[in-house]
Amino acid sequence: MQPRVGRPDDSPGVDLVAGLELEPSVVDDLPAADDLPSVGYSRADEQRWVDEPPKRRSRTAFARDRARILHSAALRRLAAKTQVVQAGESDIPRTRLTHTLEVAQIARELGGSLGCDPDLVEVAGLAHDLGHPPFGHNGEQALDVMARSCGGFEGNAQSLRVLTRLEAKTMDAAGNSVGLNLTRAALDATTKYPWLRREGTAKFGVYQDDLAVFEWLRTGAPAGRTCFEAQVMDWADDVAYSVHDFEDAVQLGHLDVRVMTSPDERAGLVEVATQWYAGDAHSGELEAALDRLVRLPYWLPAYDGSQRSLADLKNLTSSLIGRFCQAVDVATRERYGDGRLTRYAADLVIWREVRMEVAVLKATAVRYIMRRAGAESIYERQRDVLTELVSALVLAGAPALDAWLRPTYLGADTDAARLRVVIDQVASLTDTSVVALHHRYC
């Protein structure tokens with residue numbers, strides 16, 4: 001059969017890949033169901049906020065979710081957003097995008113070994129940082145201060161907003177954006193903190209504005225509990241940035257690995273780890289964790305920038321990732337057996353000793369990058385840029401916003417609602433574009 005060129009109004013069907021019309025007999029042979037079912041998941045897990053017919057019935061709903069994230073503008077922007085070292089400072093360190101890709105890869109392998117749908121946990125890894133603003137966590141703190149009158153700012157809550165409202169892909173019947181319109185399970189898997197902002201808790205996963213879609217995606221979920229896929233993603237995130245930020249610090253020359261056997265440096269590192277990541281650590285736990293790390297057969301005793309030492313450093317990072325993921329795999333299987341672990345059928349089991357090792361590695365980025373000489377003046381300037389830009393955009397109003405945000409701004413009926421749109425604008429910017437916009441308006 002030869003395809004016929006053209007798309008007459010009475011065409012019996014369209015091949016959405018080639019844009020070519022097909023004979024009725026070919027259309028009739030296509031399966032009538034939605035996306036292929038995902039093993040271990042229900043149709044409710046695969047449901048979308050707005051129903052959409054499948055475009056290609058040879059993939060699962062979660063594979064479709066993965067494609068939407070990979071093709072999103074929000075993901076591309078992460079290439080010019082800070083991970084720990086400011087984006088563009090050097091060719092070596094991770095950006096928020098490279099970190100995201102590494103989290104997604106770790107989550108895919110770990111989740112797949114435990115019975116999760118690999119595409120689903122990869123989606124969670126790809127999506128988990130989409131809401132992070134320019135300048136990393138420093139920018140997040142600055143925007144939280146500026147956004148207090150409209151409910152604050154939190155990168156994870158902003159990620160949900162990007163996925164369900166800001167990213168342009170699907171519109172509802174009323175013409176409102178529903179973001180990427182991911183499946184319920186995919187949105188739940190990206191939700192690290194399934195609650196509104198509350199007293200005494202810095203982290204939260206949803207703004208009041210987005211409560212309706214949050215309640216929908218949490219249908220049937222135990223209150224305050226993260227699904228298994230989100231737990232896998234969260235551990236993959238911890239593993240990725242603890243190991244890779246350490247690697248970046250060594251390569252950039254901020255950290256000389258030899259100091260990790262120095263009593264004074266070890267004491268300072270343990271102090272940071274206790275303050276930032278392991279407040280419940282018992283006396284000597286973090287010291288013991290550090291001892292275990294530096295005694296590993298593949299530990300790097302010194303680094304000189306040679307190709308040999310580069311290879312040894314890369315071997316260390318890959319071995320540590322394997323160590324931390326294998327430990328969780330073994331511990332979780334010991335508790336739950338060999339079956340498929342998905343959604344709310346299990347919780348990820350992480351041995352305390354492993355948590356302490358990861359906490360010590362995380363502390364290296366704080367001590368040797370974030371607190372390095374001259375860093376605080378950089379962070380202060382970054383906060384000033386964001387603070388001044390938000391104030392300037394509030395005064396300038398709709399004409400200063402991107403075209404896709406202006407209708408929402410003009411339709412807002414309170415100052416708080418208009419401020420939220422301004423925050424959306426600034427949070428979407430890269431480290432480069434936020435400086436350019438600041439030059440223009442400030």
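Bear in mind the structure is a predicted one, so any value in this text is a computation, not a measurement. Numbers here are sequence positions counted from 1.
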Between [X] and [Y]: side-chain donor-acceptor atoms closer than 3.5 Å:
X: Glu46; Y: Ser38; answer: yes
X: His244; Y: Glu247; answer: no
X: Asn156; Y: Ser159; answer: no
X: Thr170; Y: Glu52; answer: yes
X: Tyr193; Y: Asp234; answer: no
X: Gln158; Y: Asp424; answer: yes

Practice item. Kindly indicate whether a cation-pi arrangement holds for Arg218 with Trp216, taking the cut-offs as under 6.0 Å to the six-membered ring centre and within 45° of the axis. Key: no
Check your understanding: Is the NZ or CZ atom of Arg197 both under 6.0 Å from the centre of the six-membered ring of Tyr207 and within 45° of that ring's axis?
Key -> no
Exercise for review: Answer yes or no: is there a side-chain heavy-atom contact under 4.5 Å between Leu110 and Trp235?
Suggested key: yes
Review point. Tell me, do Leu75 and Thr100 make a side-chain contact under 4.5 Å, heavy atoms counted?
Key: yes
Heavy-atom count around [X] [atom1] within 6.0 Å, excluding the residue itself: above 12?
X: Glu388; atom1: CD; result: yes
X: Arg440; atom1: CZ; result: no
X: Arg335; atom1: CZ; result: no

Supply the atom-to-atom distance [X] [atom1] to [Y] [atom2], rounded to the nearest 0.5 angstrom.
X: Leu97; Y: Glu102; atom1: CG; atom2: CD; value: 9.5 Å
X: Met370; Y: Trp276; atom1: CE; atom2: CH2; value: 5.5 Å
X: Leu348; Y: Thr332; atom1: CG; atom2: OG1; value: 4.0 Å
X: Leu361; Y: Phe246; atom1: CG; atom2: CZ; value: 6.5 Å
X: Leu182; Y: Asp188; atom1: CG; atom2: CG; value: 12.0 Å

Taking [X] for its side chain and [Y] for its backbone only, find out whether a donor-acceptor pair lies under 3.5 Å.
X: Ser433; Y: Leu429; result: no
X: Glu122; Y: Arg66; result: no
X: Arg184; Y: Arg48; result: no
X: Ser177; Y: Gly179; result: yes
X: Arg420; Y: Cys150; result: yes

Point to revise | Trace of the salt bridge (Lys or Arg N to Asp or Glu O under 4.0 Å) decision for Glu285 with Arg352 | key: CA-CA 9 Å; Glu285 270 192 301; Arg352 186 174 178 85; 2.6 Å; yes
Check your understanding: Is the His128 to His99 ring centre distance short of 6.0 Å?
Key -> yes
Review point. So Tyr241 and Tyr277, would you call those rings parallel, tilted or perpendicular, with 30° and 60° as cut-offs?
Key: tilted
Exercise for review: Classify the angle between the aromatic ring planes of Tyr41 and Phe62 as parallel (below 30°), tilted (30 to 60°) or perpendicular (above 60°).
Suggested key: perpendicular
Study note, to complete from the structure: Shortest non-hydrogen pair, Ala189 vs Ala124, comes out as O-CB, 3.4 Å
Practice item. Search all heavy atoms of Trp195 against all heavy atoms of Gly224 and return the closest pair with its distance. Key: CZ3-O, 3.8 Å
Check your understanding: What's the verdict on salt bridge (Lys or Arg N to Asp or Glu O under 4.0 Å) for Lys362 and Asp245, showing C-alpha distance, side-chain angles and the deciding distance?
Key -> CA-CA 8 Å; Lys362 287 180 181 178; Asp245 292 350; over 6 Å; no
Point to revise | Worked verdict on Ser42 versus Asp45 for side chain to side chain donor-acceptor pair (under 3.5 Å) | key: CA-CA 5 Å; Ser42 70; Asp45 295 331; 3.3 Å; yes
Study note, to complete from the structure: When Arg96, Lys192, Arg94 are each screened for salt bridge (charged side-chain N to carboxylate O under 4.0 Å, His left out) with Asp129, the one that passes is Arg96
